[in-house]
There are 2 protein chains.
Amino acid sequence: MAEALYKHVFSDVKRAIFEGEYKPGDMLPSENELAAKYNTSRVTIRKSLGMLENERIVKSWHGKGYFVIEPEHAKFTFVYEEHNKALESKLQYIRLLHPEAEVQSALHIDPSQRVVSIMRILYNTKKNMLCDLMYLPYQKGMPLIEMEIQYADFPDLVKNKVSTFAIHTKMEIGIAAVTGEVAKRLMLEEGTSVLVIYRYLYDEMERPVAFGKRYLHPDCGHLTAHSGFFPG
Amino acid sequence: MAEALYKHVFSDVKRAIFEGEYKPGDMLPSENELAAKYNTSRVTIRKSLGMLENERIVKSWHGKGYFVIEPEHAKFTFVYEEHNKALESKLQYIRLLHPEAEVQSALHIDPSQRVVSIMRILYNTKKNMLCDLMYLPYQKGMPLIEMEIQYADFPDLVKNKVSTFAIHTKMEIGIAAVTGEVAKRLMLEEGTSVLVIYRYLYDEMERPVAFGKRYLHPDCGHLTAHSGFFPG
DNA sequence: CGTTATTTGTGCGTATGTATA
DNA sequence: CTATACATACGCACAAATAAC
């Protein structure tokens, strides 16, 4: 089967842009010109140009034409898997407690309201690599069954209550000194600085529904993100 | 002006998905059924469904139908501005030197080849917030003029040599202890742990063309990223 | 100021191909 | 084999924005 025509036009124009034939700011030939050049219809050309627009390579202006845009190198895509498949997970405890200041502020609740606190350790054959803490506002009838929680992903914890599409999450990366239980479980000296990943889950009304902290053992290495154009 | 028909269909189906009328895994009505429902043509429906597909909300299977997919909560978008607009930038030095091991390995060069090393400080009215180090393989005739480099973004440094679209960058976040010149400039004690952002620039052949390290003063706070669906 | 040509935006009808059940 | 569903592609018409005259 021959390659679809619109795909051919798409990759041919894309190639021309990547090779510098059209530079950022340049106008592409009009739809009609391209249709003539590739000996096809305007509809097909529009499909190809639409794909280039989706990839943020060109932008169309009504009545003017299509223009090559400046690529975005400031936006990075971070792939962060809640469940690292190379690591085993072990539940440490589930406690019902009155939140400390950090958790209060993250979940927008007052000290009188209790929260469920869950600690998990993620480890490989050699050592404990991550210490994961999660906090959820406690409500009566909440399932505290260990097995349910042990393997649950962060968004899974609340997905039954709201539509998965309504949830969005925020991730923050910071640095913190490990103390007490966390230091002991990661087998680090008290006060050692480690990377910390903070996770915030919000529902469709922007209300915080969960808060998590994850302490990374130094041997976990770096967190990586990418920018630029990638296939797929 | 009335809203375009295809936009109406798009947002109406999207709303239905977000409200849980169609759940992840569900099949949407067929193109023909939707065309009948909205009293329009199949072409228009395809446009709307194509938009939903671009937003990774549905996926079509040839001969089967359109299916609601599970939202991706593991991919985060990091917006990282090389030039923080709230901060002033000051060039500290430009040196030509033989690279240390870390830089050698990052740029895939051997110790005999020299690199241009550039240090900048980014500061606000109160204090120095960032210490930025960049390394570029040195080539004869390279412009070392300070003014050119002082305000250059990371990708700008190489954009004249290759197409901007061919460049892609990687970002890593780690933790490191500040020493020597860096510690002094950030006014931190030797050995203090700080967040470090590593940047790698690659050309179209995946060859490294620049390497950067950026030490963040603790007062810079956290790095944040988002996941889920956002308008625009 | 309006006129006109150009360019993109929206929308319909139709035909044929191909994958799935 | 057949019915259904999506994929590709063409032609046409009109609307709306832009720019040049």
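Chain letters run A, B, ... following the sequence lines, proteins first, then strands; residues in each count from 1.
At a threshold of 4.5 Å between non-hydrogen side-chain atoms, the residues A:Leu216 and B:Ile175 do not count as touching. Residues B:His217 and B:Asn128 fail the side-chain proximity criterion, which asks for heavy atoms closer than 4.5 Å. Between B:Tyr22 and B:Val58, the closest side-chain pair of non-hydrogen atoms is not below 4.5 Å.
For D:dC10, the OP1/OP2 oxygens have a side-chain nitrogen or oxygen of A:Thr44 closer than 4.0 Å. A close approach under 4.0 Å does occur between a side-chain nitrogen or oxygen of A:Lys64 and OP1 or OP2 of D:dA19. For A:Lys47, no side-chain nitrogen or oxygen approaches OP1 or OP2 of D:dA7 to under 4.0 Å. For the OP1/OP2 pair of C:dC12 and a distance below 4.0 Å, the side-chain nitrogens and oxygens of B:Tyr6 include no atom meeting the criterion. Contact between the side-chain N/O atoms of B:Thr40 and the OP1/OP2 oxygens of C:dG11 is not found at any separation under 4.0 Å. Not one side-chain nitrogen or oxygen of A:Ser60 sits closer than 4.0 Å to the OP1 or OP2 atom of C:dT7. At the phosphate of C:dG9, OP1 or OP2 sits under 4.0 Å from a side-chain N or O atom of A:Arg46.
Contact annotation: side chain of B:His62 to base of D:dA7, donor-acceptor pair absent below 3.5 Å. The base of C:dG9 sits within donor-acceptor range of the side chain of A:Arg42, with an N or O pair under 3.5 Å.
Along DNA chain C, the nucleotide nearest to A:Trp61 and the one nearest to B:Asn39 differ in position, and the one closer to the 5' end is contacted by A:Trp61.
Distance A:Glu3 CD to C:dG17 C1': 17 Å, rounded to the nearest Å. In this structure, B:Leu49 places its CG atom 13 Å from P of D:dA5, rounding to the nearest Å. Put simply, CG on A:Leu52 is 15 Å from C1' on C:dT8, counting in whole angstrom units. Rounded to whole angstrom, the span from the OH atom of B:Tyr66 across to the P atom of D:dA5 amounts to 12 Å. At whole-Å resolution of the value, CZ in A:Phe10 and P in D:dT8 are 13 Å apart. For B:Asn32 and D:dA7, the CG to C1' distance is 13 Å, given to the nearest whole Å. One atom, CD of B:Glu33, and another, P of D:dC6, lie 8 Å apart when rounded to the nearest Å. Between the P atom of D:dA5 and the CZ atom of B:Phe67 lies a distance of 11 Å, rounded to the nearest Å.
Between B:Glu172 and B:Lys170 there is a salt bridge, with a side-chain nitrogen of the basic residue lying less than 4.0 Å from a carboxylate oxygen of the acidic one.
Crowding of B:Glu19 atom CD: a count of heavy atoms from other residues, nucleotides or ligands under 6.0 Å exceeding 12.
The residue B:Lys7 sits close only to the backbone: its heavy atoms come under 4.0 Å of sugar-phosphate atoms, none of a base.
With D:dC10, C:dG11, C:dT8 as the candidates, the nucleotide lying closest to the side chain of A:Ser41 is D:dC10.
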